[in-house]
Participant: 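Have a look at the structure that comes next, please.
Since we're looking at a predicted model, the values are computed, not measured.
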2 protein chains.
Amino acid sequence: MARAGLTPERLTRAGAELADETGFDQVTVSAVARRFDVKVASLYSHVRSSQDLRTRITLLALEELADRCADALAGRSGRDALTAFAHVYRDYAREHPGRYEAARARLTPEEAAASAGVRHARMTRAILRGYDLVEPEQTHAVRMLGSVFHGYVSLEAGGGFSHSAPDSDESWARVLDALDALLRHWPTAP
Amino acid sequence: MARAGLTPERLTRAGAELADETGFDQVTVSAVARRFDVKVASLYSHVRSSQDLRTRITLLALEELADRCADALAGRSGRDALTAFAHVYRDYAREHPGRYEAARARLTPEEAAASAGVRHARMTRAILRGYDLVEPEQTHAVRMLGSVFHGYVSLEAGGGFSHSAPDSDESWARVLDALDALLRHWPTAP
DNA sequence: CGATTTGCCTAAAGTCTTTAGGTAACCCCA
DNA sequence: TGGGGTTACCTAAAGACTTTAGGCAAATCG
């Protein structure tokens with residue numbers, strides 16, 4: 001019988017595709033095996049467990065997203081950087097809902113430290129270089145940016161903003177306007 | 001043999017407790033049956049399916065959260081209302097992580113329309129009555145508020161802000177300061 | 001007090017996870 | 001070119017969860 005050419009990378013990629021098609025929680029060792037027309041047990045030479053497979057998908061998604069963000073940020077600053085970054089985020093989530101879901105999955109502290117999550121954190125902070133914020137306000141702002149991006153994208157993915165006026169695209173644009181204005185006039189502690 | 005006194009409500013409540021203890025994804029018909037010291041099949045007279053059980057937990061969490069928000073909002077307006085609402089959100093998520101996770105689970109459009117989600121939407125909009133925003137900006141602001149609340153709480157729950165200075169409490173307070181300032185000086189479209 | 005309804009049970013089939021151990025394909029080097 | 005070793009996929013099996021079908025006993029009510 002011809003070999004299928006399984007590797008951890010190919011399994012991860014197939015799992016990511018499956019996630020985008022049917023949801024991250026539907027990603028199962030069995031389903032991936034089916035996709036390769038291979039017996040389930042065969043995957044266990046390449047992936048330690050079902051959880052391991054999911055973690056790999058999470059790490060892949062974080063990498064992909066960080067790569068796109070890095071591209072978008074290159075040569076931009078201030079408001080330009082903010083909106084470019086934001087659009088990458090939202091577009092990725094719409095294009096790859098399962099991967100985006102995977103990217104939000106919990107990692108152990110060690111996994112997180114070794115993941116592209118740290119690039120995300122650095123890039124978010126880089127955006128703020130175009131604004132006039134010093135610590136600790138910069139960190140507060142980083143956290144707020146992350147919250148808005150993740151929160152908006154995730155509520156939108158859950159269908160929160162669909163079928164109601166105004167259009168979600170319009171809200172997203174106005175939310176980014178608001179964020180930009182807020183960062184330019186960040187309030188001092190009252 | 002004595003009867004266990006199962007009802008959909010008791011099963012839902014037990015499932016919610018289980019979610020808080022071990023995570024929403026660990027909530028299974030089997031686990032709940034174990035908790036009642038009852039055979040698995042017995043639960044199927046009270047809930048239609050595993051998915052049905054989860055949906056009930058989601059609806060319960062949305063109700064509880066909406067009740068707390070309503071209490072917090074009573075007699076408050078403007079900045080007071082904003083921070084009270086926000087604190088309820090964050091406290092609930094920290095106190096009941098599994099329920100909060102459940103509250104963010106996807107519902108069908110029909111389920112969502114019949115859920116306490118609509119109360120949440122109304123209350124978020126009510127907060128904005130203390131600020132000077134007219135449509136469609138009000139809706140944009142509603143969506144931004146929801147995004148910040150959900151995003152922050154969910155990133156915090158994922159461990160995003162732990163083990164790093166400044167304290168998450170402090171960031172939360174400053175994020176709310178920033179939101180209040182933003183709503184008082186909501187930028188016009190550029 | 002007997003009939004009916006209700007509530008929990010046993011049984012069984014299907015899916016997914018994971019481990020153990022077997023066999024065939026591939027690779028390399030004599 | 002043809003063993004010999006390694007690798008890749010397989011069969012088999014056990015354990016957990018989901019779901020349905022049908023049975024028996026407890027509760028309820030006339």
Participant: Under the side chain to side chain contact (heavy atoms under 4.5 Å, CB included) rule, what do A:L145 and A:L82 come out as? Steps first, then yes or no, please.
Facilitator: CA-CA 9 Å; A:L145 277 189; A:L82 176 74; 3.7 Å; yes
Participant: Nearest whole Å is fine: how far is D:dC17 P from B:L53 CG?
Facilitator: 14 Å
Participant: Using modelled atom types only, decide if a donor and an acceptor are shared between the side chain of B:R10 and the backbone of B:G5 within a distance under 3.5 Å.
Facilitator: yes
Participant: Taking the side chain of A:R3 as its heavy atoms from C-beta onward, which of D:dC10, D:dA8, D:dA27 lies nearest to it?
Facilitator: D:dA8
Participant: Protein-nucleotides 16-18 of chain C N/O pairs closer than 3.5 Å?
Facilitator:
residue, atom, partner, partner atom, Å
C:dC16, OP1, A:R34, NH2, 2.9
C:dC16, OP2, A:R34, NH2, 2.9
C:dC16, O3', A:T28, OG1, 3.1
C:dT17, OP1, A:T28, OG1, 3.1
C:dT17, OP1, A:S50, OG, 3.2
C:dT17, OP2, A:T28, OG1, 2.7
C:dT17, OP2, A:V29, N, 3.3
C:dT17, OP2, A:S30, N, 3.0
C:dT17, OP2, A:S30, OG, 3.0
C:dT18, OP2, A:Y44, OH, 3.0
C:dT18, OP2, A:S50, N, 2.7

Participant: Holding to side-chain contact (heavy atoms from CB on, under 4.5 Å), I want the full list of residues that pass it with A:Q138, two or more places apart in sequence or in another chain.
Facilitator: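 In terms of side-chain contact (heavy atoms from CB on, under 4.5 Å), with neighbours along the sequence ignored, A:Q138 is linked to A:R125, A:L128, A:L133, A:E135.
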Participant: For the pair made of CG in B:D52 and P in D:dT20, what is the distance, rounded to whole Å?
Facilitator: 11 Å
Participant: Please list all pairs meeting ring-ring contact (aromatic ring centres under 6.0 Å, His included) that have one or both residues in residues 105-151 of chain B, counting only residues at least two apart or in different chains.
Facilitator: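 For residues 105-151 of chain B, and leaving out neighbouring residues, the ring-ring contact (aromatic ring centres under 6.0 Å, His included) pairs sorted by first residue read A:H150-B:H150, B:F85-B:F149, B:Y89-B:F149.
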Participant: Using a heavy-atom distance cut-off of less than 4.0 Å, which residues of residues 4-25 of chain B contact DNA chain C?
Facilitator: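 Under 4.0 Å from DNA chain C: B:A4, B:G5, B:L6.
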Participant: With sequence neighbours left out, what residues match A:R119 under side chain to side chain donor-acceptor pair (under 3.5 Å)?
Facilitator: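 Result, side chain to side chain donor-acceptor pair (under 3.5 Å) vs A:R119: A:E63, A:D67.
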Participant: In whole angstrom, what separates B:D37's CG from C:dC9's C1'?
Facilitator: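 In whole Å, C:dC9 C1' lies 13 Å from B:D37 CG.
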Participant: Check whether any side-chain N or O of B:H46 sits under 4.0 Å from OP1 or OP2 of C:dT6, and answer yes or no.
Facilitator: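 It does not, given that no N or O in the side chain of B:H46 lies less than 4.0 Å from OP1 or OP2 of C:dT6.
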Participant: If the condition is side chain to side chain donor-acceptor pair (under 3.5 Å), which residues does B:E9 pass it with, not counting sequence neighbours?
Facilitator: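 Side chain to side chain donor-acceptor pair (under 3.5 Å) check on B:E9 returns nothing, list empty.
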Participant: How would you list, by chain and number, every residue that makes a side chain to side chain donor-acceptor pair (under 3.5 Å) with A:W186, sequence neighbours excluded?
Facilitator: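 In terms of side chain to side chain donor-acceptor pair (under 3.5 Å), with neighbours along the sequence ignored, A:W186 is linked to A:E137.
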Participant: Expressed as a whole number of angstroms, how long is the span from A:K39:NZ to C:dT19:C1'?
Facilitator: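 Spelled out: NZ on A:K39 to C1' on C:dT19 is 17 Å.
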Participant: Round to the nearest Å and state the distance from A:F36 atom CZ to D:dC9 atom P.
Facilitator: 10 Å
Participant: Strictly below 4.0 Å: does B:S42 bring a side-chain N or O up to OP1 or OP2 of C:dG7?
Facilitator: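 No, because none of the side-chain N or O atoms of B:S42 sits under 4.0 Å from OP1 or OP2 of C:dG7.
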Participant: Output a table of donor-acceptor pairs, distance under 3.5 Å, between side-chain atoms of residues 30-44 of chain A and any protein atom two or more places apart or on a different chain; print 'none' if there are none.
Facilitator:
residue, atom, partner, partner atom, Å
A:R35, NH1, A:E17, OE1, 3.3
A:R35, NH2, A:E21, OE1, 2.6
A:S42, OG, A:K39, O, 3.1

Participant: Show which side-chain atoms of residues 159-166 of chain A pair as donor or acceptor with protein atoms under 3.5 Å away, not counting sequence neighbours.
Facilitator:
residue, atom, partner, partner atom, Å
A:S162, OG, A:G159, O, 2.9
A:S164, OG, B:R143, NH2, 3.0

